[in-house]
Amino acid sequence: MKNSRILLVKRPVGMIAPTDFEKREETLPELEEGKARVRVTYLSLDPAMRGWMSADENSYVPPIPLGSTMRGLAVGIVEETKTSELNKGDWVAGFLGWTTFADVSAADVNVVPQMVPMDAYMGILGLAGATAYYGLMEVGKPQEGQTICITGAAGSVGSLVGQLAKAHGLRVIGIAGSDEKCKWLTEELGFDAALNYKTDDLEAGIREFAPDGLDLHFENVGGAPLQAALNNMKAHATIIMCGLISTYNATEAPAGPELSAIIKKRLTVQGFVMTDHLHRFGEFFEKLGAYMMKGQLKYRLDVVEGLENAPVAINRLFEGTNTGKLTVKVSDL
Ligand code: NAP
């Protein structure tokens, strides 16, 4: 039996090039005991692949080794089996790779029901659906009446997030890259509004749609659309960091912080303002006072004499010339 597979042979620089891959034709060996041979029917192409192709060791999956079959989520049909856990004719989904046949163990795949069209396992019942559902419901915890903004809104994840949000009674604004995509969002998917990030003023457009601010923002893109959403968030709102596709082919480090670690390491990044917690001061005094009395917390002051010196002294904070808590001694005790 003949197999074709595509190997990753070079790590892309910038956009992925056809020369980063090599095609291999081969005759398949006899199937090993304990495995099943799957004929791949649909292969999912995902933005995450750009990251998997890079040499970045500091991610949620190791880089694809050069010279090996390109990694990819796929669905297929069991053609031959030497394991009691998989039957001929089963539909299976998993990381089958860029290949026409894959030999798998039962643990490598999920057997999926056959009562929907098989291509659904590429979309709603695949990575995109699971991502949209988990991101919106588990991370975003949406509530009826809230307002959400979604970037990459006409894409496979974004379009599902928007529809799920509508089904949960939210007001939804999507950001996408063409008027045709924006029209699809509002006229066919039921989004309340859509903005074209190539032609519209995003910050003003979001503000017009949500004058009181956004309760939720689902980020797929990064860069300017993320900034426009950030500038329109309500206090205590939630940003669901799903993807940053605008940065994936970058060949130079961004001017600002590189935010992909938030996703790769599933970080919780939460702003806070101490004055929201002033009512807990008694608790802080008690805890910190106990540490101080035991000598476990030390502090030093950098005292400036005289109120008249405050206007000049304050800049020492920004020059770094304060050594300790910069304090003005206004009068004697
Ligand atoms: P997709 O949205 O179906 O396709 C990618 C879309 O991104 C393109 O159609 C394009 O739409 C937009 N795009 C590409 N380059 C852009 C740029 N420079 N600026 C703005 N938009 C750009 O792909 P998807 O599979 O649904 O993935 C969407 C996002 O979700 C990606 O960031 C992906 O990495 C992320 N994701 C995350 C997880 C997770 O587990 N965290 C899982 C799956 C996907 P426009 O025409 O609108 O520009």
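FYI, the numbering just counts along the sequence from 1. One-based numbering, in listed order, for ligands and for the atoms of each. Just so we're clear, the structure is a prediction, and the values are computed from it rather than from any experiment.
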### Query
Are Val269 and Leu244 linked, directly or through other ILVMFWY residues, by side chains that come within less than 4.5 angstrom of each other?
yes

### Message
For the residue pair Asp192 / Thr186, report whether a side-chain donor-acceptor contact shorter than 3.5 Å exists.
### Response
no

#### Entry: Side-chain donor-acceptor contact under 3.5 Å, Asn309 with Glu305
no

### Task
Using only heavy-atom distances, determine whether the side chains of Gln270 and Thr268 contain a donor-acceptor pair under 3.5 Å.
no

### Task
Give a yes/no verdict on a cation-pi contact between Arg266 and Tyr60, requiring under 6.0 Å between NZ or CZ and the six-membered ring centre and an angle within 45° of the axis.
no

### Query
In the hydrophobic clustering that connects Ile, Leu, Val, Met, Phe, Trp and Tyr at side-chain heavy-atom distances below 4.5 Å, which members other than Tyr133 occupy its cluster, ordered by chain and number?
Tyr134, Leu136, Met137, Val139, Ile148, Ile150, Val157, Val161, Leu164, Leu170, Val172, Trp184, Leu185, Leu189, Phe191, Leu216, Phe218, Ile240

### Query
Name the residues with a heavy atom less than 4.0 Å from ligand 1?
Pro47, Leu127, Thr131, Gly155, Ser156, Val157, Ala176, Gly177, Lys181, Tyr197, Asn220, Val221, Cys242, Gly243, Leu244, Ile245, Ser246, Tyr248

